Amino acid sequence: MRVIHTIGEMRAASRAAKARGARLGLVPTMGALHEGHLSLVRAARARSDVVAATIFVNPTQFGPSEDFSKYPRNLQNDSALLEREGVELIFAPAVEEMYPAGAITWVTVEGMSDRLCGASRPGHFRGVTTVVAKLFNIAEPDVAFFGQKDAAQVAIIRRMVRDLNMPVQIEVCPIVREPDGLAMSSRNSYLNAGERTAALTLFRSLTRAEELFKSGEKDSAKLIAVGTKEFDSEPAVRLDYFEIVDPDSLQPVLAVERPALAAVAAYLGKTRLIDNILLAP
Ligand code: PAF
C-alpha cells in the first residue's frame, strides 16, 4: 500500500493502474474511519481491481464556527485499517496541495446545495462538490463509493456527475448502524455518555415515521409530525430538520406515493448528527 501526498504522484499512480487494465475504485473520506467507511472499501474491493481511498479533511465544507480544527485526524490508524482491507493507494494531501493560494473556482449544484443540511450549513455542499470534483480529476476513478448516510450529498454528487458528464460511476452503500441503531459517524466520538443515549432520538424518530408509513399513512405532514414528536421528550437534542423529500431532487414531497427519503438532523450540544431512511411504497 502506498500513502501519497501530492496530486502529481496520485495521478501517476492511478493512471499506471488503469494502463494495466485495472478498474479503479475510489473511496473518498475525511479519515477518522469507522465500519461505515470500511463497508465502502469492501464494496470497492468487490467491484474494482484497484482500490484507492482519499483522506482529506476538506476545509471548504466546514462553516467558520464548525468543527474543522477539532475534526479527528489519525492518518496512522486510518492507514493501518485501510491496509488491512486491501487498499492499494491512499491519497492524503495537505490543504495547500488541494487549495493552492489563489484558487477561486467552485463547483455548485444550484437548487440542491441549499436543501437539507445545505440550509443550516451554508456553503457546505459547495465545498463537498468542489473537493469531490477535484478528487475525481486527480484520481480519475472508474467508480466511486459513497455512504447513504449522507443522502443529500449522494444526490448532489450524482447530479454533479450527470450535469458535468464526469466519466465516473457512483455507487451508494447502505448506512452502517451501531447495534442499538445509531448511524455510524466520525462525529459520534464527540458525544459524552448522556449525549450518546440521547442521540438515538434521531433513529427513533425515523423509525416512528416508518412505522406509521407502513401502517398506510402517506401524508408527509403526518409522518413528519410523528417523527418530530420524538424530540419533544429529549431536551438534550435540538432538532435541526425532519423532512420528507424526493431522493433525487431533494424537494419536499407532500405524499409518499413513490420512494421518498425521510431525513433528520439534530444537535447534541455542539455535535450535529444526521440520519435518514427510505420510505418505499
Ligand atoms: O462524506 C465525506 O466524508 C466528505 O463529505 C467527502 C465526500 C469525503 C468530501 O470531503
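Keep in mind that the numbers below use all heavy atoms, side chains included, and drop hydrogens, waters and symmetry copies. Remember, predicted model here, so these are calculated numbers, not experimental data. Order of appearance sets the numbers: ligands from 1, and atoms from 1 within every ligand.
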| Arg126: what forms a side chain to side chain donor-acceptor pair (under 3.5 Å) with it, not counting sequence neighbours? | none
In plain terms, say whether [X] and [Y] are close enough for a salt bridge, that is, a side-chain N and a carboxylate O under 4.0 Å apart.
| X | Y | result |
| --- | --- | --- |
| Arg159 | Asp248 | no |
| Glu85 | Arg45 | no |
| Glu97 | Lys134 | no |

Anything under 3.5 Å between an N or O on ligand 1 and a protein N or O? List each pair with its distance, or write none.
residue  : atom   : partner : partner atom : Å
ligand 1 : 1 (O)  : Gln153  : OE1          : 3.4
ligand 1 : 1 (O)  : Gln153  : NE2          : 2.9
ligand 1 : 5 (O)  : Gln61   : NE2          : 3.0
ligand 1 : 5 (O)  : Gln153  : OE1          : 2.7
ligand 1 : 10 (O) : Gln61   : OE1          : 2.6

| task | Can you label the angle between the Tyr99 ring and the Phe56 ring as parallel, tilted or perpendicular, going by 30° and 60°? | result |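 Because their plane-to-plane angle lies in the 30° to 60° range, the rings of Tyr99 and Phe56 count as tilted.
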| message | Can you tell me which residue among Arg121, Lys270, Arg187 is in a salt bridge (charged side-chain N to carboxylate O under 4.0 Å, His left out) with Asp67? | response |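 Checked Arg121, Lys270, Arg187 against Asp67; only one passes salt bridge (charged side-chain N to carboxylate O under 4.0 Å, His left out): Arg187.
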